[in-house]
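One structure is given below, encoded as structure tokens.
Only this structure's heavy atoms are used, side chains among them; waters, hydrogens and symmetry mates stay out. Small disclaimer: the values here were computed from a predicted structure and weren't measured.
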Amino acid sequence: MAVGRGSANKAMALALILGCILLLHCEIAESAVYTVGGNNGWSFSAASWPKGKTFKAGDVLVFKYNPSVHDVVPVNGAAYKGCKAPGGAKAYKSGNDRITLARGRNFFICSNAGHCQSGMKVAVTAT
């Protein structure tokens, strides 16, 4: 009788593990990947890029750019509006950065002098 219970527990554990894997796979499968700026990449026309697009929390934005000239800095609404990255803000500098969207407003700027003011910034709302 003990052997039967042990087998049932193993089967139950295996079913639970497989269920978790399936849920994780489904969650990942629902995420979309967007290249900011489309074919132009992260550029001075990025501010208008999100228009007409629907984003969800967990979607990934890919920022493609020349890292010797630009960067990407996630900022809050005030820093976005003022085009000024706060001290200690994380700057992405690889030229091919992947950033996962959080629920709500997500703001990004290029922190190099004059770039944000020239339109190198993007705001995205994720539901």
Side-chain angles (χ1 to χ4, degrees):
M1 206 186 275
V3 173
R5 263 192 235 152
S7 295
N9 286 340
K10 286 180 183 177
M12 185 86 100
L14 181 60
L16 182 61
I17 290 169
L18 290 174
C20 289
I21 290 170
L22 180 61
L23 284 175
L24 180 61
H25 176 69
C26 290
E27 182 65 29
I28 291 170
E30 289 184 23
S31 298
V33 176
Y34 297 92
T35 299
V36 175
N39 291 335
N40 296 326
W42 178 229
S43 65
F44 292 103
S45 60
S48 62
W49 171 79
K51 289 186 174 127
K53 294 175 181 65
T54 303
F55 302 94
K56 294 180 182 178
D59 285 351
V60 175
L61 298 184
V62 179
F63 293 83
K64 294 186 177 195
Y65 57 93
N66 179 340
S68 65
V69 182
H70 304 297
D71 64 11
V72 180
V73 182
V75 295
N76 62 25
Y80 177 83
K81 187 175 180 180
C83 281
K84 181 154 175 60
K90 177 175 175 52
Y92 292 84
K93 300 180 180 195
S94 77
N96 189 28
D97 305 307
R98 299 173 62 88
I99 302 175
T100 302
L101 294 174
R103 185 176 308 277
R105 296 286 282 167
N106 294 259
F107 302 96
F108 306 94
I109 66 171
C110 178
S111 68
N112 292 336
H115 291 201
C116 177
Q117 294 85 343
S118 297
M120 202 162 182
K121 63 183 188 174
V122 67
V124 172
T125 301
T127 57

For the pair Lys53 (side chain) and Trp49 (backbone), establish whether a donor and an acceptor sit closer than 3.5 Å, ignoring hydrogens and angles. yes
Give every donor-acceptor pair under 3.5 Å between a side-chain atom in residues 70-77 and any protein atom, sequence neighbours left out.
residue, atom, partner, partner atom, Å
His70, ND1, His115, ND1, 3.0
Asp71, OD1, Ser111, N, 2.8
Asp71, OD1, Ser111, OG, 3.3
Asp71, OD2, Ser111, OG, 2.5
Asn76, OD1, Ala78, N, 3.2
Asn76, OD1, Ala79, N, 2.8

Val124 side chain near Phe107 side chain, heavy-atom distance below 4.5 Å: no
Does a side-chain heavy-atom distance below 4.5 Å link Phe55 with Thr127? no
What one should report as the nearest heavy-atom pair of Trp42 and Ile109 is CZ2-C, 3.6 Å
Minimum heavy-atom distance between Ala57 and Ala126, given as atom pair plus value: N-CB, 3.6 Å
So, for Ser45 and Ser48, which heavy atoms are closest and what is the spacing to 0.1 Å? O-OG, 3.4 Å
Do you reckon Tyr80 sits in the same ILVMFWY cluster as Met120, going by side-chain contacts under 4.5 Å, direct or chained? no
Could you list all the disulfide (SG to SG under 2.5 Å) pairs where at least one residue sits in residues 42-111, not counting sequence neighbours? Cys83-Cys116
What are the two closest non-hydrogen atoms of Ala123 and Pro50, and how far apart are they? O-CG, 3.5 Å
Separation between CG of Asn106 and OG1 of Thr100, rounded to the nearest 0.5 Å: 10.0 Å
Arg103, CZ: over 12 other non-hydrogen atoms inside 6.0 angstrom: no
Any non-hydrogen side-chain atom of Lys121 less than 4.5 Å from a side-chain atom of Phe108? no
Which donor-acceptor pairs under 3.5 Å do side chains of residues 59-66 form with protein atoms, sequence neighbours excluded?
residue, atom, partner, partner atom, Å
Asp59, OD1, Ala32, N, 2.8
Asp59, OD2, Lys56, N, 2.8
Tyr65, OH, Tyr92, O, 3.0
Tyr65, OH, Lys93, N, 3.4
Tyr65, OH, Ser94, N, 3.3
Tyr65, OH, Gly95, N, 3.3
Tyr65, OH, Asp97, OD2, 2.3
Asn66, OD1, Ser68, N, 2.9
Asn66, OD1, Ser68, OG, 2.6

